[in-house]
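Here the structure is laid out as structure tokens; the discussion comes afterwards.
Numbers for residues simply follow the sequence, beginning at 1. Note that the structure is predicted; figures quoted are calculated from it, not measured.
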Amino acid sequence: MKKMIKGALIASTCLMGAAQIAQAEDVEVLHWWTSGGEASALNVLKQDLEGQGIGWTDMPVAGGGGEQAMTVLRARVTAGNAPTAVQMLGFDILDWADQGALADLNATAAEQGWDDVVPDALKAFAKVDGKWVSAPVNVHSTNWVWANKSVLDANGIAVPETWDDFVAAVDTLSAAGITPIAHGGQAWQDATVFDAVVMSTGGPEFYKAAFVDLDPEALNSDTMVEAFNRMAFIRENVDDNFSGRDWNLATAMVMNGEAGFQMMGDWAKGEFLNAGKVPGEDFLCFRFPGTQDQVTFNADQFAMFDQGGEVSAEQSALASAILSPSFQVAFNKVKGSVPARTDVDGSDLDACGQQGMKDLAAAASSGNLFGSMAHGHAAPASVKNAVYDVVTAHFNGEYDAATAAEELATAVEIAQ
Ligand code: GAL
């Protein structure tokens with residue numbers, strides 16, 4: 001079965017099946033890249049490995065943001081049947097490393113000089129006690145807005161630069177009978193929007209105090225109440241069918257001109273590109289109003305599970321394919337993200353990708369680069385999940401803004 005990409009297995013119902021199909025020389029990869037754009041990007045990696053004669057056993061677990069994938073992973077590990085490689089984010093990597101579950105990739109890292117080319121912000125989640133435990137694929141960021149250009153042009157709307165501009169643009173679309181904001185009501189999507197709203201409302205110091213330092217005074221503050229009020233404005237301007245919608249279907253609403261804006265990480269760009277849309281012509285990308293100087297990032301990595309001491313040849317091959325400069329460009333062009341290496345030439349990326357690279361470098365050097373709370377790079381999963389619960393409950397009308405801020409401080413304290 002070498003050199004073959006085996007059929008997709010869906011979620012936990014097929015856990016054991018995946019393990020039985022996998023051959024010793026295959027890599028079995030657990031991931032949540034199931035949308036059109038994500039699958040195209042993953043194909044770049046599959047093909048790279050196929051070219052090296054390494055088989056790929058696919059273990060997709062649908063569900064943006066990866067929560068379901070992490071649930072399946074825990075079940076697999078508990079059953080003593082960890083996959084070879086797992087897509088993972090931020091603090092989840094540190095948690096598994098602390099449990100001693102991850103393989104030591106130092107030999108591959110040394111051969112390829114990862115230490116010199118992977119930025120510190122990613123190393124913080126890829127290297128534990130001097131040991132590389134995962135291979136970073138990309139850098140995404142969550143404070144982006146995606147807009148349909150012809151919808152904006154037809155309604156005389158310029159790219160909004162401030163929250164007030166954004167409110168005016170939304171009101172114009174609403175008056176024109178167009179859904180202003182495409183959104184999928186799932187906890188991780190609500191939280192993705194919240195990342196940007198908190199940054200815009202309170203600025204970078206506030207974001208850090210609330211989401212990185214978990215300061216109760218920031219979490220339950222007038223500024224946080226204002227952030228929740230802004231979330232309520234966003235809630236008023238999504239369509240009636242938002243609840244439970246997948247993020248890529250919300251992206252499709254913008255693409256089709258059914259909606260004006262989507263606030264989403266730059267994996268949304270992967271959907272536009274996969275549909276043949278061109279940045280600047282069909283769609284616009286811009287930073288969430290009021291966060292032009294900041295970047296809230298997350299980085300997808302593949303952590304290798306320890307299969308009994310030695311890193312397998314397949315695991316090394318996967319890790320080294322991921323960090324190769326040519327793969328970094330080829331993959332990130334499709335995925336919507338930017339390379340995880342600082343030394344690759346980004347001139348091949350589209351306009352949004354080039355802006356992404358520029359923003360990332362500028363934010364890193366001006367102290368404006370922060371981990372995304374929604375995507376597991378600001379605080380451990382227990383805290384992230386506590387934030388999800390409160391943000392979603394507020395978004396769905398369970399709390400008013402003042403109560404939500406109080407609940408947020410309480411939930412975060414309990415979660416630590
Ligand atoms: C993020 C991940 C992205 C993208 C997104 C939606 O957490 O970093 O690569 O896949 O979820 O599924």
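The closest side-chain donor-acceptor pair between S337 and D266, if any, does not fall under 3.5 angstrom. A donor-acceptor contact under 3.5 angstrom links the side chains of E271 and S35, judged on distance only. Looking only at atom types and distance, the side chain of N241 has no donor-acceptor partner in the side chain of S243 under 3.5 Å away. Counting only N and O atoms by type, the side chains of E407 and T410 include no donor and acceptor under 3.5 Å apart. Using modelled atom types and a 3.5 Å distance limit, the side chains of Q294 and N368 yield a donor-acceptor pair. No side-chain donor-acceptor contact under 3.5 Å links Q186 and D190.
The shortest side-chain heavy-atom distance between V27 and T57 does not fall under the 4.5 Å cut-off. In this structure, T84 and F305 have side chains that are not in contact, with every pair of non-hydrogen atoms separated by 4.5 Å or more. Counting heavy atoms from C-beta on, the side chains of F261 and L152 come closer than 4.5 Å. Using a 4.5 Å heavy-atom threshold, the side chains of M59 and R76 count as touching. A heavy-atom distance below 4.5 Å is found between the side chains of K277 and M255. Considering only heavy atoms from C-beta on, P339 comes within 4.5 Å of M357 through its side chain. Under the 4.5 Å side-chain criterion, counting only non-hydrogen atoms from C-beta, M88 is not in contact with S134. Using a 4.5 Å heavy-atom cutoff, the side chains of E67 and Y388 are in contact.
Side-chain atoms of S372 do not come within 3.5 Å of backbone N or O of F297 as any donor-acceptor pair. E28 places no side-chain N or O within donor-acceptor distance of the main-chain N or O of A85, the cut-off being under 3.5 Å. Between the side chain of D246 and the main chain of N248, no donor-acceptor pair closer than 3.5 Å is present. The backbone N or O of V197 sits nowhere less than 3.5 Å from a side-chain atom of S200 that would complete a donor-acceptor pair. In this structure, Q112 contributes its side chain and S320 its backbone to a donor-acceptor pair below 3.5 Å. In this structure, the side chain of N106 engages the main chain of G130 through a donor-acceptor pair within 3.5 Å.
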Query - Full working for side chain to side chain contact (heavy atoms under 4.5 Å, CB included) between I93 and Q301 - result: CA-CA 8 Å; I93 302 169; Q301 307 206 29; 3.6 Å; yes

Report task. Given side-chain hydrogen bond (donor to acceptor under 3.5 Å, both in side chains), test T162 with D165 step by step and report yes or no. Result -> CA-CA 5 Å; T162 63; D165 292 348; 3.3 Å; yes

Query raised in the report: How far apart are the C-alpha atoms of E161 and R287, what are their side-chain angles, what is the distance that settles it, and do they pass the salt bridge (charged side-chain N to carboxylate O under 4.0 Å, His left out) test?
Result: CA-CA 9 Å; E161 292 192 356; R287 292 288 169 187; over 6 Å; no

Report task. Step by step, work out the side chain to side chain contact (heavy atoms under 4.5 Å, CB included) result for W114 and W132. Result -> CA-CA 9 Å; W114 295 4; W132 283 93; 3.4 Å; yes

Report task. Determine, stepwise, if the pair F125 / N298 fulfils side chain to side chain contact (heavy atoms under 4.5 Å, CB included). Result -> CA-CA 10 Å; F125 297 105; N298 61 309; over 6 Å; no

Query raised in the report: Under the side-chain hydrogen bond (donor to acceptor under 3.5 Å, both in side chains) criterion, do H375 and K384 qualify, and how do the steps go?
Result: CA-CA 8 Å; H375 293 267; K384 178 187 84 171; over 6 Å; no

Report task. Determine, stepwise, if the pair E226 / T223 fulfils side-chain hydrogen bond (donor to acceptor under 3.5 Å, both in side chains). Result -> CA-CA 5 Å; E226 177 56 15; T223 306; over 6 Å; no

Query - Residues K335, D300; criterion side chain to side chain contact (heavy atoms under 4.5 Å, CB included); working and verdict - result: CA-CA 11 Å; K335 184 66 170 69; D300 293 301; 4.3 Å; yes

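Under the side chain to side chain contact (heavy atoms under 4.5 Å, CB included) test applied with V391, the options Y399, F194, W188 reduce to a single match, F194.
The pair K131-D129 does not count as a salt bridge, with every side-chain nitrogen at least 4.0 angstrom from each carboxylate oxygen. Salt bridge K46/D58: present, at least one basic N to carboxylate O contact under 4.0 Å. The existence of a salt bridge linking D115 and K127 is confirmed by a sub-4.0 Å separation between a basic side-chain nitrogen and an acidic carboxylate oxygen. Ion pairing of K149 with D282 is absent here, as no side-chain N (NZ or NE/NH1/NH2) approaches a carboxylate O to less than 4.0 Å. Checked for salt-bridge contact, D348 and K333 meet the test: a charged N lies under 4.0 Å from a carboxylate O. In this structure, K208 does not pair ionically with D215, as no charged nitrogen and carboxylate oxygen lie closer than 4.0 Å.
Separating the OG1 atom in T201 from the CZ atom in F206 is a distance of 8.0 Å, to the nearest 0.5 Å. Put simply, CG on D95 and CE on M70 are 11.0 Å apart, with the number rounded to the nearest 0.5 Å. Interatomic distance, F283 CZ to T251 OG1, rounded to the nearest 0.5 Å: 10.5 Å. Between the NE2 atom in H183 and the OG1 atom in T192 there is a gap of 8.5 Å [rounded to 0.5 Å]. Between the CG atom in N274 and the NZ atom in K269 there is a gap of 13.0 Å [rounded to 0.5 Å]. S141 contributes atom OG, which lies 7.5 Å from atom CG of D359 (distance to the nearest 0.5 angstrom).
Few gaps surround CD on Q292; more than 12 heavy atoms of other groups in view lie less than 6.0 Å from it. Shown here is K358, whose NZ atom has no more than 12 heavy atoms of other residues, nucleotides or ligands within 6.0 Å. With a 6.0 Å radius and a threshold of 12 heavy atoms from other residues, nucleotides or ligands, Q416 has its CD atom above the threshold.
For the residue pair T392 and A187, the shortest heavy atom distance occurs at OG1-CA, 3.2 Å. Nearest heavy atom pair, residue Q52 against residue A317, reads OE1-CB, 3.9 Å. Nearest heavy atom pair, residue N332 against residue V137, reads ND2-O, 3.3 Å. Taking all atoms of both residues into account, the shortest heavy-atom contact from I178 to G260 is CG2-N, 4.2 Å. Minimum interatomic distance between A124 and L94 (heavy atoms only, all atoms of both residues): O-CD2, 3.6 Å. Taking every heavy atom of both residues into account, V329 and D345 meet most closely at CG2-O, 3.8 Å.
In this structure, H377 has its ring center no closer than 6.0 Å to that of F91. In summary, the aromatic rings of F286 and W146 are positioned with their centroids too far apart to meet the 6.0 Å limit. Annotation: F233 is in aromatic contact with W163 [ring centroid separation under 6.0 Å]. Ring centroids of H394 and F228 are separated by less than 6.0 Å, placing the two rings close together. Checked against the 6.0 Å centroid threshold, W144 and F272 do not count as a close aromatic pair.
Ring geometry, W33 versus F331: the interplanar angle falls from 30° to 60°, so the pair is classed tilted.
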